[in-house]
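Read the structure below first, then the notes.
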Amino acid sequence: MFLPARGCNLRTTLESGQTFRWRPWGPEGFAGILGTTVLHLAQQGSQIAVSGSEAPARLEPLITRYLQLEDGLARAWASTDVDPIIHAALQQTQGLRLIRQEPWECLASFICATFNNITRVEGMIDRLCRAYGRAVPYRGTIWFTFPEAATLARADARALRRLGFGYRAPYLVRAARQVAAGDVDLAAVVRMGYVEARETLLRVEGVGEKVVECVLLFGFAHYEAFPVDVWIGRVMRRAYFRGRRMTDRRIRAFARRHFGPACGLAQQALFHAARTSPELFAP
DNA sequence: CGCCAGGTGCTGA
DNA sequence: TCAGCACATGGC
């Protein structure tokens, strides 16, 4: 089956640090699992070739939503194009889309991603799924679902330590318990606006000022979120503050004013541009 | 080997 | 509100 890519570039989007479970599959393809559905996606020009463990009629809405293929966000992206710096980043990251992820997987993944590098996060999450997810056989390979919060709530932090989670192990287990117990109700957060959702998610163990913005952006489609990690901090200080010291909070406040209500899109373009062309943003 | 990574929570000013 | 610190681990 084929879907119109509508300008989406798979590689740019799936290797942009928003998500950690896709693997290269052939020349222009990626394999992964959403929920219990195994997917093989391949870029073929203006189309995306799709196959997977469900009937095509079920794959289409799944992928359309995940990749936001009908997002109609062209105007939102354009609204962030307010100066030559972001303009260059946007040019360089054409085809980048904001993925719409499942909230719990997104939340748990970014707790794992704190003070960590993306390659290692991928390995950690892979081991987590193998240990606690459900097996889904497909075409001779056994895939694993992302573990439910209720499952991880019963896990022992020491077991996660042995999987290489370091000091994040107890955070992840406590976060799972908060979510599984309904203390933090992710289904309710879906219906909340940015401010209330932010306050609610900040109550989760291991979720601070940066992780919460990632989760709001990638898991709840709140495009006014603006995560400031070490990459974005560097880019912003260099490009907008003449290299001066600046707290993450002030960078975020500036970005919201400067780029407007879709500043999260600008953030993702800057993040990707900085990682793929560091020379443009060297300190 | 040393530096670094999509930081957080805590403490003391 | 902010700076400074400890925290585990492995990629490069």
Side-chain angles (χ1 to χ4, degrees), chain A residues 12-23 89 93 96-99 101 103 105-128 131 156-178 184 198-220 222-223 225-238 241 244-255 263-278 281-283:
Chain A
T12 305
T13 300
L14 297 180
E15 292 185 345
S16 63
Q18 298 180 62
T19 177
F20 305 98
R21 293 201 70 195
W22 292 93
R23 296 293 175 269
T93 55
L96 177 65
R97 289 291 178 272
L98 261 286
I99 299 172
Q101 300 181 43
E105 175 170 345
C106 185
L107 176 63
S109 295
F110 278 93
I111 288 174
C112 299
T114 60
F115 198 37
N116 208 342
N117 62 71
I118 290 178
T119 310
R120 182 173 166 222
V121 175
E122 290 171 348
M124 285 164 56
I125 291 178
D126 186 56
R127 293 192 293 279
L128 184 75
D156 181 351
R158 285 169 299 184
L160 292 185
R161 278 262 159 118
R162 286 192 288 277
L163 293 182
F165 278 67
Y167 60 77
R168 303 167 195 80
Y171 286 160
L172 186 56
V173 173
R174 282 181 224 151
R177 288 183 182 153
Q178 286 176 281
V184 172
R198 189 172 194 280
E199 268 175 37
T200 306
L201 293 172
L202 276 174
R203 302 203 329 255
V204 177
E205 259 339 286
V207 174
E209 297 273 329
K210 185 269 173 179
V211 168
V212 76
E213 299 291 305
C214 285
V215 178
L216 289 165
L217 190 54
F218 308 138
F220 294 93
H222 283 300
Y223 300 127
F226 193 92
V228 180
D229 68 343
V230 293
W231 293 93
I232 289 296
R234 273 202 291 264
V235 169
M236 293 296 288
R237 276 189 293 275
R238 166 159 171 82
F241 299 105
R244 280 181 297 152
R245 291 169 64 90
M246 188 68 54
T247 65
D248 292 353
R249 179 174 299 206
R250 292 188 63 171
I251 291 173
R252 181 156 45 76
F254 166 81
C263 57
L265 305 181
Q267 187 274 356
Q268 200 54 24
L270 287 168
F271 179 78
H272 195 256
R275 286 212 320 141
T276 51
S277 306
F281 300 97

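Quick caveat, the model's predicted, so the values are computed rather than measured. Chain identifiers are assigned alphabetically (A, B, ...) following the order of the sequence lines, protein sequences preceding nucleic acid strands; residue numbering begins at 1 within each chain.
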The contact string for nucleotides 6-12 of chain C, one letter per nucleotide 5' to 3', using protein heavy atoms under 4.0 Å with B, S and - for base, sugar-phosphate only and none, comes out as -BBBBSS

### Query
Starting at the 5' end of DNA chain B and moving along, which residue's nearest nucleotide shows up first, A:Pro227 or A:Tyr171?
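So the residue in question is A:Pro227.
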
Using whole Å, what does the distance between atom [atom2] of nucleotide [N] and atom [atom1] of [X] come to?
| X | N | atom1 | atom2 | answer |
| --- | --- | --- | --- | --- |
| A:Met124 | B:dA5 | CE | P | 16 Å |
| A:Leu172 | B:dT8 | CG | P | 14 Å |
| A:Leu202 | B:dG7 | CG | C1' | 13 Å |
| A:Phe20 | B:dA5 | CZ | P | 15 Å |
| A:Arg245 | C:dA3 | CZ | C1' | 8 Å |
| A:Arg244 | C:dA3 | CZ | C1' | 18 Å |
| A:Asp248 | C:dC2 | CG | P | 10 Å |

Geometric class of the A:Tyr171/A:Tyr167 ring pair [parallel <30°, tilted 30-60°, perpendicular >60°] |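 A:Tyr167 and A:Tyr171: perpendicular rings.
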
Is there a donor-acceptor pair under 3.5 Å between the side chain of [X] and the backbone N or O of [Y]?
| X | Y | value |
| --- | --- | --- |
| A:Ser277 | A:Ala274 | no |
| A:Thr93 | A:Leu96 | no |
| A:Glu205 | A:Ala175 | no |

Please classify the nucleic acid contact of A:Ile232 as base, sugar-phosphate, or nothing, using heavy-atom distances under 4.0 Å.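 Base contact.
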
Need one value for A:Thr19: base, sugar-phosphate or nothing, where a base atom within 4.0 Å counts as base even if backbone is also close, heavy atoms only.
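A:Thr19: no heavy atom of the nucleic acid under 4.0 Å.
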
Taking only Lys NZ, Arg NE, NH1 and NH2, and the carboxylate oxygens of Asp or Glu, determine whether A:Glu209 and A:Arg198 approach each other closer than 4.0 Å.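 A salt bridge is present here (some side-chain N lies under 4.0 Å from a carboxylate O).
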
Distance between the P atoms of C:dA8 and B:dT11, in whole angstroms?
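Nearest-Å result for C:dA8 against B:dT11 at atom P: 16 Å.
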
key: Sub-4.0 Å heavy-atom contacts from residues 205-218 of chain A onto DNA chain B, ordered by number   =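 Residues of residues 205-218 of chain A under 4.0 Å from DNA chain B: A:Glu205, A:Gly206, A:Val207, A:Gly208, A:Glu209, A:Lys210, A:Val211, A:Phe218.
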
Hey, does A:Leu217 have a side-chain heavy atom less than 4.5 Å from the side chain of A:His222?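 No - every pair of side-chain heavy atoms lies 4.5 Å or more apart.
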
**Item:** Check: A:Pro103 and A:Val215 side chains under 4.5 Å, non-hydrogen atoms
**Value:**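 Side chain of A:Val215 against side chain of A:Pro103, heavy atoms only: no contact under 4.5 Å found.
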
Can we call the ring centroids of A:Phe110 and A:Phe20 under 6.0 Å apart?
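Aromatic pair counts; centres sit under 6.0 Å.
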
Margin query: Minimum heavy-atom separation for A:Phe115 and A:Arg168, please, with both atom names.
Written below: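 Answer, listing the atom of A:Phe115 first, then A:Arg168: O-NH2, 2.9 Å.
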
